[in-house]
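To start, the structure itself, in structure tokens.
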Amino acid sequence: NDVIRKDEVNIGRFYVNWASASSATINGSLAQNLQWWGGVAVPPDSGFYKGIGVKYKTDFEKFAFVASVSNSDFGDGTDLAGRGSFQLNPDLQIGVGVASINRHRVANASDLGLLVDAGYHTGPFHLLCEVVGINSRRQNDSETNFGFYAEAAYELSKKSLLYGGFYGANSLTDDMLVVGYKNNITSHAAVQGEILNTRDNWHLTLGLDVNF
């Protein structure tokens with residue numbers, strides 16, 4: 001920490017910062033899910049999610065930046081990721097993220113992800129919007145797909161939060177609708193539950209979040 005200024009250097013195995021991670025949901029925003037999957041849902045790959053290498057983070061008054069060079073699968077090349085976020089005013093933040101992963105060098109398979117997101121917070125109201133594009137290369141074929149995500153949350157009280165979100169990303173993953181509720185039972189623990197609908201399949205997720 002504080003190597004040059006108010007910054008942080010990670011060497012080893014770490015989480016790759018590509019998405020904003022500001023979603024209120026257990027399931028995560030569209031960008032978070034694509035980050036966990038490695039750009040596309042099939043075949044699954046954790047390359048956008050974790051890596052072994054070097055990561056650098058720094059914060060300014062209205063700007064934050066993180067970049068990493070890593071390798072999640074030895075022998076398949078170097079993975080690069082970076083994200084910048086801009087605090088335009090106390091209520092609005094804009095972020096831009098880029099991630100490049102080499103999935104398989106012999107097969108010339110790679111994914112390049114681009115993310116633009118906006119977070120708005122005023123009073124009890126929260127809003128998160130994302131536009132994601134993934135360019136996938138397999139052998140000599142290349143394909144680019146786009147998707148968007150919108151999430152709104154409302155603080156019913158200082159301890160409870162009601163939220164809903166929607167994936168419009170049929171070319172990247174299933175379209176999805178989520179509605180959830182979170183309640184802070186103590187200053188360090190919260191219970192959360194959400195209902196998801198994906199192509200007429202219903203899912204219920206319950207969770208307990210504890211911060212030590």
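Reckoned from all heavy atoms, side chains included, excluding hydrogens, waters and symmetry mates. These numbers come from a predicted model, not from an experiment.
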If you measure from CE on Met176 to CG on Asn201, what distance do you get to the nearest 0.5 Å?
12.5 Å
Atom CZ in Phe146, atom CD1 in Ile134: separation rounded to 0.5 Å?
9.5 Å
Provide the closest heavy-atom pair for Ala118 versus Ile94 in the form atom of the first, atom of the second, distance.
CB-CD1, 3.6 Å
Smallest heavy-atom separation, Glu151 atom then Leu127 atom, equals O-CD1, 3.2 Å
Kindly give the heavy-atom pair with the smallest separation between Ala19 and Ala31, and that separation in Å.
CB-CB, 3.7 Å
Here the salt bridge (Lys or Arg N to Asp or Glu O under 4.0 Å) pairs for residues 159-184, sequence neighbours left out, are Asp174-Arg199
Report the C-alpha distance between Ile52 and Asn71 in whole Å, list the side-chain angles of each, state the deciding distance to 0.1 Å, and finish with yes or no for side chain to side chain contact (heavy atoms under 4.5 Å, CB included).
CA-CA 5 Å; Ile52 299 172; Asn71 191 324; 5.6 Å; no
More than 12 heavy atoms of other residues, nucleotides or ligands under 6.0 Å from CG of Leu177: yes or no?
yes
Atom CG of Asp79 and atom OG of Ser100: how far apart are they, to the nearest 0.5 Å?
7.0 Å
Do Phe148 and Leu30 have side-chain heavy atoms sitting under 4.5 Å apart?
no
Residue Phe125 excluded, over 12 heavy atoms near CZ under 6.0 Å
yes
Counting N and O atoms only, with roles assigned by atom type, does the side chain of Thr186 sit under 3.5 Å from a partner on the main chain of Ala189, one being a donor and the other an acceptor?
yes
Taking side chain as C-beta onward, heavy atoms only, is Val54 less than 4.5 Å from Asn10?
no
Working for side chain to side chain contact (heavy atoms under 4.5 Å, CB included), residues Ser70 and Phe14
CA-CA 9 Å; Ser70 62; Phe14 50 77; 4.0 Å; yes
same_hphob_cluster(Leu128, Tyr120) at 4.5 Å side-chain heavy-atom cutoff
no
Is the ring pair Tyr167/Tyr149 parallel, tilted or perpendicular, if the boundaries are 30 and 60 degrees?
perpendicular
Rounded to the nearest 0.5 angstrom, the CZ-CG distance for Arg5 and Asp59 is 7.5 Å
Begin with the C-alpha distance, continue with both residues' side-chain angles, and end with the deciding distance and a verdict on ring-ring contact (aromatic ring centres under 6.0 Å, His included) for Phe86 and Phe63.
CA-CA 5 Å; Phe86 309 85; Phe63 174 70; 5.0 Å; yes
Does any N or O in the side chain of Glu155 come within less than 3.5 Å of the main-chain N or O of Ser157, such that one atom is a donor and the other an acceptor?
no
Is the backbone of Asn27 close enough, under 3.5 Å, to the side chain of Asn33 for a donor and an acceptor to pair up by distance?
yes
Please report the interatomic distance NE2(His188) to CG(Asn211), rounded to the nearest 0.5 Å.
8.0 Å
Can you check whether Tyr56 reaches Val3 side chain to side chain, under 4.5 Å on heavy atoms?
no
Of all the heavy-atom pairs spanning Leu92 and Asn89, show the shortest one and how long it is.
N-OD1, 2.8 Å
Apply the side chain to side chain contact (heavy atoms under 4.5 Å, CB included) test between Lys55 and each candidate in Ile11, Val66, Val16, Val9; give the one that qualifies.
Val66
Any side-chain heavy atom of Ser136 sitting closer than 4.5 Å to one from Asn145?
no
When you look at Glu8 and Asn1, which way does the side chain to side chain contact (heavy atoms under 4.5 Å, CB included) test go after all the steps?
CA-CA 4 Å; Glu8 176 184 325; Asn1 292 304; 3.7 Å; yes
Can you hop from Ile185 to Phe212 via hydrophobic side chains spaced under 4.5 Å?
yes
Assigning hydrophobic clusters by single linkage (Ile, Leu, Val, Met, Phe, Trp, Tyr; side-chain heavy-atom cutoff under 4.5 Å), is Leu161 placed with Leu196?
no
In Å and rounded to the nearest 0.5 Å, what is the OG1 to CD1 distance from Thr205 to Ile195?
9.5 Å
With salt bridge (Lys or Arg N to Asp or Glu O under 4.0 Å) as the rule and sequence neighbours excluded, what pairs involving residues 115-135 come up?
Arg83-Asp117
So, for Trp18 and Leu114, which heavy atoms are closest and what is the spacing to 0.1 Å?
CZ2-N, 3.9 Å
Any side-chain heavy atom of His126 within less than 4.5 Å of one from Tyr163?
no
Of all the heavy-atom pairs spanning Asn183 and Ser160, show the shortest one and how long it is.
OD1-CB, 3.7 Å
Distance alone, cut at 3.5 Å: any donor-acceptor contact between the side chains of Thr144 and Asn135?
yes
Is there a path of hydrophobic side-chain contacts, each under 4.5 Å between heavy atoms, that joins Val191 and Leu206?
no
